Amino acid sequence: MSDAAQLLARSNSLRRRALACTPGGVHSNVRLAGPQVFIDHAHGAWLYDVDGENYVDYLLGQGPNFLGHAPAHIVDAVAAACRKGLIYGGQHKLEVEATEAVCEALGWADMVRFGVSGTESVQAALRLARGATGRTKVVRFEGHYHGWLDNVLTADGPGGWGTASAGQLASHLDDFLVLPWNDAGVLRDTLDRHRDEIAAVIMEPIMINAGVIEPRPGYLEAVREACTRHGVVLIFDEVISGFRLGLGGAAGRYGVRPDLATYGKAMAGGWPVSALAGRADLMEHFGTGKVNHSGTFNGSVMAMAAVQATVRHLAEDPPYSAITAHGTALMDGLRSIGTSHHLPLRVAGLPVAFHVSFGDAEVYDYRSLQQLDLGRYTRLAPELVGHGLWVAGRGVWYVSARHGADELDAALTRFDKAITEWVS
Ligand code: PLP
């Protein structure tokens with residue numbers, strides 16, 4: 001057996017078993033392209049695999065482990081709540097407390113409906129916008145991700161933005177107009193042209209999924225103004241940015257209020273729970289029963305306990321400045337390593353979530369992002385994992401409240417070693 005095979009002997013054995021009973025050996029297609037290493041446990045900002053290797057985790061389960069892995073006080077709060085039952089099929093006090101906590105944290109939202117995944121809360125938002133306006137079309141943007149279902153999953157193909165999966169009905173995308181993001185003129189023209197057909201504009205208010213690109217100054221304000229003028233529902237998909245950019249998410253950071261917004265990930269310390277928040281006059285369409293939103297697991301005791309404990313923690317002991325300090329030092333450190341190896345390493349975005357790639361271009365939307373050498377970083381990512389840095393091939397790094405001085409030191413040492421071996 002080679003050293004590498006020996007090193008991952010237990011992972012490889014589990015992988016063989018997984019492949020026999022699970023398609024691709026993974027339970028989410030996003031992980032098909034990821035490292036085929038099996039994790040034994042996680043603590044703080046570290047992952048430990050079944051073969052005894054450790055990794056500084058900058059993927060954070062695709063975002064949810066914002067407070068680090070299994071934060072003790074949140075695990076305790078959830079465990080305590082669960083001793084009284086898990087799902088009642090009836091209302092309970094924690095639902096009210098968690099909802100009030102989210103509304104208070106966001107500052108702009110009147111009401112919340114909880115769900116289980118970001119994908120389904122996005123679907124609830126789209127249905128609500130259509131139900132409230134009586135219109136069918138939705139504007140969305142190149143490179144923005146809104147979940148894996150038929151009407152939102154898209155890929156950039158030779159004929160433009162179309163289906164991304166076999167079995168996905170192209171007709172489900174018919175009512176979507178896909179525009180370049182960060183261009184207020186294009187959005188205004190489109191809303192002017194289709195004014196009575198468009199129910200909603202949905203966007204990641206900061207395009208984290210592709211490149212961690214911030215909105216241009218004034219862009220979100222211009223979108224807000226155009227939507228208000230045409231009676232179009234503005235939906236911010238804050239499944240990643242929510243609670244990560246600050247308690248108020250991107251809406252709070254950039255000072256622009258959406259009509260509806262979706263949340264998940266950083267809202268609940270790792271528990272699977274999502275939320276749709278919004279203006280009362282829109283949300284009440286669920287309350288009257290005019291628009292259907294349902295789900296067996298919505299508002300489960302464990303989810304509500306996790307949301308309540310997490311949001312309370314974020315409000316009472318905000319981790320944001322420590323995360324920003326770590327992220328800033330990490331970004332600077334990665335850049336210096338790139339420079340010392342004479343590599344055109346590009347590290348851009350925000351300290352709480354940033355993007356690593358190669359190349360130099362002015363990046364403001366999906367198309368300009370393609371000017372970078374994204375493939376080069378995708379090829380580097382497995383080397384980084386092999387050197388103990390848990391990162392994804394698409395270049396987005398997430399920082400948690402548990403990344404401190406030790407993690408910074410380990411991350412930069414490992415990054416330097418990986419690069420040294422990779423370029424030699
Ligand atoms: N919206 C955005 C912006 C996301 O980043 C994601 C997932 O990464 C989703 C929606 C879908 O959320 P989930 O994977 O919880 O269904």
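Quick caveat, the model's predicted, so the values are computed rather than measured. Note: hydrogens, waters and symmetry copies are ignored here, and every other heavy atom, side chains too, is used.
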Only one of I235, T190, L187 passes side chain to side chain contact (heavy atoms under 4.5 Å, CB included) with V201, and that residue is L187
Which donor-acceptor pairs under 3.5 Å do the side chains of residues 227-234 make with protein atoms, sequence neighbours left out?
residue, atom, partner, partner atom, Å
T228, OG1, R224, O, 2.8
T228, OG1, R224, NE, 3.2
T228, OG1, R224, NH2, 3.2
R229, NE, E225, OE2, 2.9
R229, NH2, E225, OE1, 3.4
H230, NE2, D192, OD1, 2.8

* Check the surroundings of atom OH in Y320: do more than 12 heavy atoms from other residues, nucleotides or ligands lie under 6.0 Å from it? => yes
- request: Establish, yes or no, whether a centroid distance under 6.0 Å links the rings of Y366 and W161.
  value: yes
* **R335 CZ: over 12 foreign heavy atoms closer than 6.0 Å** => yes
The ring pair (Phe, Tyr, Trp, His ring centres under 6.0 Å) partners of W397 (sequence neighbours excluded) come to Y58, F354
Hits for ring pair (Phe, Tyr, Trp, His ring centres under 6.0 Å) against W46, two or more places apart or cross-chain, chain-then-number order -> none
Contacts satisfying side-chain hydrogen bond (donor to acceptor under 3.5 Å, both in side chains) that involve residues 32-44 (not counting sequence neighbours) are R15-Q36
CZ (R257) with more than 12 external heavy atoms under 6.0 Å: no
| Would H341 and D416 count as having a side-chain donor-acceptor pair, cut-off 3.5 Å? | yes
Can you confirm whether D360 is buried at CG, in the sense that more than 12 heavy atoms of other residues, nucleotides or ligands lie under 6.0 Å from that atom?
no
Would the number of heavy atoms belonging to other residues, nucleotides or ligands and lying under 6.0 Å from CZ of R376 be above 12?
yes
The complete set of ring pair (Phe, Tyr, Trp, His ring centres under 6.0 Å) pairs with one or both residues in residues 187-221, sequence neighbours excluded, reads W181-Y219
Review point. Salt bridge or not for R367 and D365, using N-O below 4.0 Å?
Key: no
Here the side-chain hydrogen bond (donor to acceptor under 3.5 Å, both in side chains) pairs for residues 77-88, sequence neighbours left out, are none
Within 6.0 angstrom of W422 CH2, more than 12 heavy atoms from elsewhere: yes
